[in-house]
2 protein chains.
Amino acid sequence: MPVPKGSTIDPARTRAAIVDAATPLLYERGLDGVGVAELCARLGVSRETLYRHFGTKGGLVQAVLQARSDRVHRWMAAAVTAAGADPADQLAAVFDALGEWYREPTFRGCAMVNAAAQHHDDPVRAITARHLDRYLDLLSGIAARAGAADPGALGRQLLMLVEGATVVATHHGAAAGTAEQAREAALALLAAASRPPG
Amino acid sequence: MPVPKGSTIDPARTRAAIVDAATPLLYERGLDGVGVAELCARLGVSRETLYRHFGTKGGLVQAVLQARSDRVHRWMAAAVTAAGADPADQLAAVFDALGEWYREPTFRGCAMVNAAAQHHDDPVRAITARHLDRYLDLLSGIAARAGAADPGALGRQLLMLVEGATVVATHHGAAAGTAEQAREAALALLAAASRPPG
DNA sequence: AGTGGATGGTACCGATCGGTTCGATCAGCG
DNA sequence: CGCTGATCGAACCGATCGGTACCATCCACT
């Protein structure tokens, strides 16, 4: 039964379509860079439908950010698991995936960082903070499997490389091998931390 | 002669005062988060004066960003020169300075990254790109003095740590020793690159 | 004292913003 | 068929936006 009881057209499908269509537009032009009018026009959706599903523009923004965070996380997790069991290979896979992202013509930096730079208020910050937390979990897990003495600290250092590489790639173009340099730095840190000190 | 020929009140002084007063406000609330009306009210400046000096709000934004970039660069350069001749000490001084910044209650992330996230258009991007370039020059110089095989590549890796640490500090609070972890990572990369491979 | 440029204060402009409302339309279920 | 609810399209609202115009004021130099 593709349609839930008591309704004719599936609202959940409409909602998902709106989120999917709004995501690239809000990412490219910025959360405040595109108004509701243009948003509805590009989405092929009436104003009333948008407000009935999300209540406010901020609600749509939160839904878009949450969906994007989930998507990025699934993408990264898939890249890691596809890299095999070696923690170094897994870490290299993370930065290779980032390199692919940087080379996409639509790349405009980390959507979470961009969003937080604009709306340093309420619920958006919660979403971006959770996004970074999930990233940290992924990297700390790699650090732990590599036998790092302090997986949490190494994970945070690796997270800095991930976000820093994204910032540098955003501002210095994708041509230079930003992802490759970040990967080498990450592997060097991982190797140093896996080796007992002294 | 504090006053230039042919004028009564020094316009340059007024302009500098406007830039100084607008800087923290635009940094805290975002470039688009504060309107011209409130801006003038907080600055104690009439609308006409602001537009005569900067032509448009974008002109004021560019002047503010340029001034902040200059100030940050002077601050970092001073921290480096005060650290002595050892490149490792100089690099540590950079991250210690960052740590002080992160702990300031007004810290809200890198103003250049925030600005670029909002206005990914022409002149703002030029200012932020030059800001990162100057940062890169500073770090590459340290890498070169440390005898790195590829000072440019190491400089970019260190730049990633600087910007990444700033992002993490912005989203994870200043409590955790973000700057210290970044400093250790940077020193580890510097030591590894100064040592001949193999 | 008088002159002229710099400023403050304020009203005003058109445009756009986010958000609301209303009626027509359309798809599915009984 | 008739009913119900999701949707569209467009008009509309108040607020705010960046920017302009006008005038009184004020300061510094002659």
Side-chain angles (χ1 to χ4, degrees), chain A residues 1-22 25-26 28-65 115 118-124, chain B residues 1-22 25-26 28-65 115 118-124:
Chain A
M1 56 188 72
V3 172
K5 62 171 184 182
S7 74
T8 55
I9 304 178
D10 188 355
R13 214 182 233 13
T14 305
R15 181 189 164 102
I18 293 177
V19 170
D20 284 353
L25 198 53
L26 290 175
E28 180 182 359
R29 308 248 308 269
L31 301 181
D32 294 333
V34 46
V36 177
E38 183 185 357
L39 213 41
C40 290
R42 298 274 198 124
L43 270 49
V45 158
S46 78
R47 238 174 157 83
E48 182 171 353
T49 299
L50 193 151
Y51 280 105
R52 178 160 24 83
H53 278 292
F54 302 97
T56 181
K57 186 189 178 184
L60 171 62
V61 165
Q62 295 169 36
V64 165
L65 289 179
Q118 295 161 359
H119 293 11
H120 38 66
D121 47 346
D122 5 309
V124 167
Chain B
M1 58 186 72
V3 171
K5 61 171 185 181
S7 76
T8 56
I9 303 179
D10 188 355
R13 216 182 229 16
T14 305
R15 181 188 162 102
I18 293 177
V19 169
D20 284 353
L25 199 53
L26 289 175
E28 181 182 0
R29 308 251 305 270
L31 301 181
D32 294 333
V34 46
V36 176
E38 183 184 356
L39 213 41
C40 290
R42 298 274 198 124
L43 271 47
V45 157
S46 78
R47 238 175 157 82
E48 184 170 349
T49 298
L50 193 151
Y51 278 106
R52 179 159 24 83
H53 279 292
F54 302 97
T56 182
K57 186 189 178 184
L60 172 63
V61 165
Q62 295 169 35
V64 164
L65 288 179
Q118 296 161 357
H119 293 11
H120 40 64
D121 47 346
D122 347 313
V124 167

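Lettering of chains follows the sequences in order, A, B, ..., and the numbering in each one begins at 1.
Once rounded to the nearest 0.5 Å, the distance linking CD1 of Ile18(B) with NE2 of His53(B) reads 5.0 Å.
Atom CD in Glu38(B) sits about 18 Å away from atom P in dA15(D), given to the nearest Å. Taking atom NZ of Lys57(B) as the reference point, atom P of dG19(D) lies 8 Å away to the nearest angstrom. Rounded to an integer number of Å, the gap from Asp32(B) CG to dT16(C) P is 16 Å. Atom CD of Gln118(A) is separated from atom P of dC17(C) by 15 Å (rounded to the nearest Å). To the nearest angstrom, C1' of dG19(C) lies 14 Å from CG of Leu39(A).
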- Query: Step by step, would you call Phe54(A) with Arg15(A) a side chain to side chain contact (heavy atoms under 4.5 Å, CB included)?
  - Reply: CA-CA 8 Å; Phe54(A) 302 97; Arg15(A) 181 189 164 102; 3.6 Å; yes
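In this structure, Thr56(B) reaches the dG19(D) phosphate: one of its side-chain N or O atoms is under 4.0 Å from OP1 or OP2.
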Can you list, pair by pair, the side-chain donor-acceptor contacts under 3.5 Å of residues 29-48 of chain B, counting residues two or more places apart and other chains?
unit_1, atom_1, unit_2, atom_2, d
Arg29(B), NH1, Glu38(B), OE2, 2.8
Arg29(B), NH2, Glu38(B), OE1, 2.9
Arg29(B), NH2, Glu38(B), OE2, 3.3
Asp32(B), OD1, His119(B), NE2, 3.4
Ser46(B), OG, Thr49(B), N, 3.3
Ser46(B), OG, Thr49(B), OG1, 3.1

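Residues satisfying the side-chain hydrogen bond (donor to acceptor under 3.5 Å, both in side chains) test with Glu28(A), not counting sequence neighbours, are none.
A heavy atom lying under 4.0 Å from DNA chain C marks the following residues of residues 41-53 of chain B, by number: Gly44(B), Val45(B), Ser46(B), Arg47(B), Glu48(B), Thr49(B), Arg52(B), His53(B).
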